[in-house]
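In what follows, a structure is listed as structure tokens, so that the remarks can point back to it.
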2 protein chains.
Amino acid sequence: MTELFEGQGCWLGVDLGGTKILAAVVDADGNIVSQAKQRTMADMGPDSVIERIVDTARKAIEPHETCAEVLVAAGVGAPAPVDVAIGTVYGAPNLAGWGEIDLGPRLEEALGIPTFVDNDVNLGTLGEFERGAGQGTRHMVGVFVGTGVGGGVIVDGRLFRGFRDSAGEVGHMIVLPNGPLCGCGRRGCLEALASRTAMERDIRAGIDAGRGANVAQLIASSKRQRLTSGVIKKAVDAGDELTLEVIDRAQFYLGILVANIVNFFDPQMVVFGGGVVEALGDRFLEPIRQTARANFKQERDADQIRIVPAILGDYAAVHGAAILASQQLAQSAAS
Amino acid sequence: MTELFEGQGCWLGVDLGGTKILAAVVDADGNIVSQAKQRTMADMGPDSVIERIVDTARKAIEPHETCAEVLVAAGVGAPAPVDVAIGTVYGAPNLAGWGEIDLGPRLEEALGIPTFVDNDVNLGTLGEFERGAGQGTRHMVGVFVGTGVGGGVIVDGRLFRGFRDSAGEVGHMIVLPNGPLCGCGRRGCLEALASRTAMERDIRAGIDAGRGANVAQLIASSKRQRLTSGVIKKAVDAGDELTLEVIDRAQFYLGILVANIVNFFDPQMVVFGGGVVEALGDRFLEPIRQTARANFKQERDADQIRIVPAILGDYAAVHGAAILASQQLAQSAAS
């Protein structure tokens with residue numbers, strides 16, 4: 001709906017994650033023409049991570065010299081709260097030693113092109129809206145289920161950031177007052193009930209109580225000895241009852257979340273992304289849809305509200321980052 | 001922020017309630033220059049109610065002949081879901097026999113001026129935003145606590161209606177899964193925990209169990225034999241323990257609601273209106289603020305988010321209705 005990437009040139013999109021950095025060059029038509037990926041090595045501290053971002057970006061740019069010559073601007077998704085106007089990142093929980101850091105200005109200096117920063121989940125939502133599952137909608141919400149649960153909000157075809165650039169913290173909407181303890185220190189947040197971390201907590205408790213032999217075996221034989229999305233899929237495929245029970249509970253609270261979002265915000269679409277959704281697909285979404293729909297206040301045209309899986313996978317945030325760069329540059333040119 | 005009521009002329013604002021109809025003529029500066037009020041007499045059915053709306057409107061217009069000559073358009077708030085583009089009202093629960101009714105077109109024909117309809121709580125929110133507590137904000141949410149709990153959402157200085165004109169149903173956000181039964185047939189909606197109806201249910205249960213002698217006496221000696229906002233105020237003033245306990249519980253869930261709204265939508269202000277808030281004032285709001293603030297995910301600048309009482313009282317919706325008329329007319333002129 002917006003005229004993105006007007007004219008010539010390419011855009012750099014970077015997704016800074018807790019474990020890896022993904023950088024991609026996106027052409028004027030929105031195609032990824034080259035990319036590079038490196039480990040974040042977060043334990044080396046912020047200065048090192050920023051160097052690795054620049055290095056990953058250069059590796060993504062190199063193969064496309066023609067593009068690099070006309071590289072217009074860069075966008076970066078960070079796993080943290082961000083002040084978008086100045087590019088400051090506030091204390092990323094998955095990046096050791098990150099307090100308040102002027103990530104945007106520092107990368108802009110190193111890369112030599114205008115550089116804009118936003119929250120990674122906001123950019124994943126923007127990517128899915130412009131190039132993924134959300135195309136053609138006007139009001140959309142993205143929900144990403146992984147080690148945590150994050151979200152983003154699209155209003156009238158634009159990323160909605162709210163008063164403090166903090167909109168979309170769906171993982172910390174409270175869906176069960178006085179419920180399980182959340183990583184944020186509060187109780188009953190959605191994230192404490194429906195993230196992969198919450199599922200793992202409950203599955204391990206079940207295993208300790210002598211249940212879930214199947215999933216216990218799968219965790220033990222997995223490379224990281226963790227309940228990864230891959231392990232969840234195998235356990236579900238094997239019909240492990242403990243796993244099915246734990247997922248059922250997560251789905252229930254995700255359904256309540258969607259109902260609450262719809263009753264408050266009335267979007268046209270809720271897009272679900274993240275590892276668990278990618279691994280299980282529609283099997284994961286259908287029970288969420290059912291709980292959600294059973295709790296919509298306004299039933300008129302309720303069947304027109306779509307609850308769908310994301311389609312860009314790992315590339316949602318780099319697409320979103322490139323789009324951010326384009327939109328922010330247009331906005332600063334206009335003002 | 002919008003240029004309302006440009007040029008000359010007056011605007012008619014009507015608030016159609018379950019028990020009364022309030023109509024007001026608003027001048028180009030946003031002042032109410034005359035008004036009229038009548039009982040709705042909802043049990044007479046839709047045709048009669050529509051006649052009474054027209055009659056109330058005429059009574060409001062009459063004293064201001066100069067204004068009436070240049071009455072530009074009318075806005076009407078209805079206690080029901082509304083399709084704003086066509087002015088259709090869908091089944092108002094407090095108006096007997098109202099199915100799907102083309103209220104806008106019917107009033108337009110009777111009044112002889114362009115007439116626009118929206119949900120009454122949306123218009124109360126719009127009124128508070130443009131002329132009340134929310135002036136000067138950009139993103140705001142209105143929450144009205146009465147026999148039910150309703151809400152409205154302002155995004156970027158405009159009423160946000162969502163995909164189906166259904167945004168702002170805060171009373172049916174689920175704050176306690178499998179909680180008490182709500183009037184909507186579902187369980188654990190905010191309305192089932194924090195409306196005056198919910199408070200009355202809990203207070204009557206307490207009285208049945210031999211508690212709350214004070215509030216029992218106040219209810220018995222009240223005109224309507226109900227837990228009105230006035231009765232609540234007297235019981236709180238008298239230090240009735242049962243009442244304080246029940247209100248405390250309602251405040252807790254309203255605090256959770258505000259936290260969920262802030263974590264999802266990050267508004268600058270949440271405005272609380274309705275009878276209970278008007279009766280108790282800041283005593284009612286302070287515990288809500290505390291629970292809310294304790295549950296904000298993003299603490300940065302959290303103290304800048306304001307949770308305040310509405311200031312227009314019964315006039316919020318008629319102001320909002322006049323503003324609706326002005327905005328919709330400008331919009332239809334522009335398209």
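Just so we're on the same page: letters track the sequence lines, and every chain starts at 1.
- Contact check for Met173(B) versus Met173(A): side-chain heavy atoms found under the 4.5 Å cut-off.
- Interface remark: Val153(A) contributes side-chain atoms only to the contact with chain B (heavy atom separation under 4.5 Å).
- Summarising the local packing, CZ of Arg306(A) is surrounded by 12 or fewer heavy atoms from other residues, nucleotides or ligands at distances under 6.0 Å.
- Of the two parts of Ala302(A), the backbone and the side chain both hold a non-hydrogen atom closer than 4.5 Å to a non-hydrogen atom of chain B.
- A side-chain donor-acceptor contact under 3.5 Å links Arg164(A) to the backbone of Gln298(B).
- Counting heavy atoms from C-beta outward, Phe160(A) and His139(B) have side chains that approach closer than 4.5 Å.
- With rounding to the nearest 0.5 angstrom, the OG1 atom of Thr137(B) is 9.5 Å from the CZ atom of Phe163(A).
- Interatomic distance, Arg300(B) CZ to Ser166(A) OG, rounded to the nearest 0.5 Å: 5.0 Å.
- Heavy-atom neighbours of chain B within the stretch residues 252-271 of chain A, taken at a separation under 4.5 angstrom, comprise Phe252(A), Tyr253(A), Ile256(A), Asn260(A), Ile261(A), Val262(A), Asn263(A), Phe264(A), Phe265(A), Asp266(A), Pro267(A), Gln268(A).
- The side-chain hydrogen bond (donor to acceptor under 3.5 Å, both in side chains) analysis of residues 179-189 of chain A, with sequence neighbours excluded, yields the pairs Arg186(A)-Glu299(B).
- Between chain A and the options Cys184(B), Gly185(B), Pro177(B), the largest number of non-hydrogen pairs under 4.5 Å is found for Pro177(B).
- In terms of heavy-atom pairs under 4.5 angstrom with chain B, the leader among Leu190(A), Val175(A), Leu176(A), Val170(A) is Val175(A).
- Within a 6.0 Å radius of CZ in Arg201(B), other residues, nucleotides and ligands contribute more than 12 heavy atoms.
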